[in-house]
Amino acid sequence: MAKRKQPPRWGVWLGIADNSFTRQKTVKFGDASAVNSGRLWSVLTLIILILAWWIATIGGIIDPLFWPPLEGSLYPWDNPNRARPGVVDRFVSLFVDGYRNISLWEHVGTSVKRVLLGVVIGALVGIPLGFAMGLNSVARGLFDPIVEFIRPIPPLALIPLVILWLGIDEVAKIFLLFLAALFIMLIAARAGVNSVQISKVHAAYSLGASKFQVLRYVILPNALPEIFTGLRTSMGVCWGTLVAAELVAADQGVGSMMMIAKNFLQTDVVVIGIIIIGAIGFAIEIFMRMLEAWLIPWKGKG
Amino acid sequence: MDGLVIDNVSMVFTLPNGGQVHALEDVSLHLKPGELMAVLGPSGCGKTTLLNIVGGFLAPTAGQALLNGHQVTGPHKERGVVFQQGALFEWMTVAQNVSFGPRMCGVPRAEIKQTVRRLLDTVALRDFADKPVYQLSGGMQQRVALARCLANDPDVILMDEPLGALDALTREKMQGLVLKLWKETGKTIILITHSVEEALFLGERLVVMAPRPGRIHKEYALPFAEQGVGGDARSIKAQPDFIAAREEILSMIWEMEEEIMSGADMG
Ligand SMILES: Nc1ncnc2c1ncn2[C@@H]1O[C@H](COP(=O)(O)OP(=O)(O)OP(=O)(O)O)[C@@H](O)[C@H]1O
Ligand SMILES: [Mg+2]
């Protein structure tokens with residue numbers, strides 16, 4: 001049989017060439033897994049957006065107060081007395097000099113550190129609680145009303161109370177994120193416990209496992225995929241919650257940087273902040289997916 | 001008394017709406033050590049329930065199961081189980097699955113290693129020891145399940161449609177493997193199946209159950225399992241007495257199913 005030529009990897013990545021998997025399929029419409037990445041079009045979208053921004057910049061169409069120009073160079077038709085802070089230049093200067101004596105890395109690092117702390121503490125408390133609720137009817141009965149009541153409340157709605165309790169310092173923010181992560185992790189862990197097939201538990205007991213061994217070697221690994229999904233979700237939720245919390249009250253962090261910039265009408269810094277928030281949220285998601293593929297290769301294969 | 005005794009076991013499930021299902025009524029059986037009993041019956045006649053009671057996963061509402069004179073009160077490694085599918089631990093490799101029992105029981109490492117190697121040889125999976133189980137075919141996975149069960153050297157092996165999810169050809173091969181393991185290890189085995197042919201071929205004894213309430217309808221003593229050890233499966237299954245027995249049991253179960261259907265119509 002003639003061996004078909006393999007398409008180039010970059011072509012597959014861009015989605016302009018079918019990969020060997022999708023090429024075998026004769027039915028592609030309605031089969032989500034046979035849809036290629038379409039990244040070429042994503043790249044095109046990005047280029048068009050940046051191009052539009054640049055054209056608007058050259059034309060000086062938009063008031064920089066509403067939307068900053070892409071780059072700050074002056075064009076012959078510009079008023080030479082009006083400085084034009086460009087986003088690119090500002091980005092470079094933020095990188096090099098920081099913002100208001102605090103480097104950009106510190107702002108970003110502070111935010112990321114808060115998220116990680118909140119998620120880790122939330123997971124450390126939430127996972128055991130979720131396990132207890134999944135395994136023990138007393139624990140379930142005790143915590144069920146609290147969980148079901150707090151679950152639909154968006155974490156942001158807790159900000160006023162947290163400020164009243166803990167003020168606006170570091171502890172308050174981490175506590176807020178802890179709350180946000182706690183319930184997500186708790187529910188994920190409980191769902192993970194409940195998802196175990198009873199035949200696996202029966203098999204383990206019949207092989208001589210003790211209660212603790214069933215928990216450690218069957219129920220826990222079986223719950224890992226759900227727990228990981230919970231971790232991913234809480235990372236995303238906490239990142240969003242944190243930035244919003246920093247907008248309310250903080251002296252460091254991406255959100256606070258934007259809020260200060262707003263007071264000085266530095267729209268460019270605000271926009272950069274938005275881009276950074278999006279980029280980091282995206283990076284977190286990608287990182288978690290890679291971690292998941294590496295740590296839990298059996299996911300969905302039971 | 002030696003062996004496995006099922007002593008007047010009844011099981012009544014109470015439904016959430018208050019209704020009751022008589023899954024088993026006064027079932028009594030005695031398996032001597034080393035016997036292989038196949039259990040047949042129409043769907044819903046309580047086969048799985050019976051196995052769950054012997055396995056110790058369910059407490060009967062009346063009667064009891066006894067193994068070598070001790071009452072069954074819960075699962076124990078003296079009674080191994082093999083399920084239809086989905087009972088392997090997909091986060092472990094083949095070898096880790098097989099060694100699970102001995103590891104849980106604190107058997108020394110060197111000994112575990114030997115056991116695993118021996119069993120993987122027996123089920124012809126030596127080259128797959130370090131593969132994750134989800135990469136194996138259905139038939140290979142059931143061989144892992146058999147090996148895992150044997151690793152603990154149980155007195156009794158309980159199998160609930162162990163070959164039910166396999167294709168016909170793989171199934172025939174696996175029947176040969178079950179017979180071989182049975183003869184080599186001398187285990188007492190209860191094997192539930194939906195296939196009349198499989199029950200005839202594997203069962204030294206064959207119990208046909210009837211539904212509503214679940215009970216033993218008829219029992220046979222069969223020569224085919226003995227011939228099947230080392231014999232040719234195809235020629236045994238083509239023997240006139242095998243075919244006669246098959247037809248008799250098929251029509252018996254067919255009648256029961258008919259009865260169930262007409263009962264359902266009236267109800
Ligand atoms: N947990 C339960 N609660 C209520 N009824 C049950 C329960 N388990 C089984 N039953 C009922 O008991 C009867 C016997 O069920 P069982 O699963 O033992 O049948 P089976 O012979 O294994 O059937 P199949 O061949 O389809 O596997 C059925 O009528 C079933 O509906
Ligand atoms: Mg059944």
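Excluded from the calculations below are hydrogen atoms, water molecules and symmetry mates; all remaining heavy atoms, backbone and side chain alike, are included. Order of the sequence lines fixes the chain letters, A, B, ..., with proteins taken first and strands second; residue numbering starts at 1 for each chain.
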Minimum-distance pair of heavy atoms, taken over all atoms of A:Ala203 and B:Ala87: CB-O, 4.2 Å
Heavy-atom pair with the smallest gap, counting every atom of B:Asn152 and A:Leu207: ND2-O, 2.6 Å
Geometric class of the A:Tyr217/B:Phe100 ring pair [parallel <30°, tilted 30-60°, perpendicular >60°]: perpendicular
B:Phe89, CZ: over 12 other non-hydrogen atoms inside 6.0 angstrom: yes
Within 6.0 Å of CZ in A:Arg39, more than 12 heavy atoms from elsewhere: yes
Winner by heavy-atom pair count (cut-off under 4.5 Å) against chain A, out of B:Gln135, B:Glu78, B:Lys77, B:Met92: B:Lys77
Main-chain N/O of A:Ile296 paired with B:Trp91 side-chain donor or acceptor, under 3.5 Å: no
Residue among B:Ala151, B:Cys149, B:Pro75 with most heavy-atom pairs under 4.5 Å to chain A: B:Pro75
Minimum-distance pair of heavy atoms, taken over all atoms of B:Glu90 and A:Asn222: OE2-OD1, 4.2 Å
Under 4.5 Å from a heavy atom of chain A, the part of B:Leu158 involved: neither
Closest non-hydrogen atom pair, A:Gln213 against B:Met104: NE2-O, 3.1 Å
Top contributor to chain B interface from A:Ser206, A:Ser210, A:Pro297, A:Gly208 [non-hydrogen pairs under 4.5 Å]: A:Ser206
Segment of A:Val201 engaging chain B (4.5 angstrom heavy-atom cut-off): neither
Side-chain touch A:Gln197/B:Gln85, heavy atoms, less than 4.5 angstrom: no
Neighbour count above 12 (heavy atom, 6.0 Å) for B:Gln114 CD: no
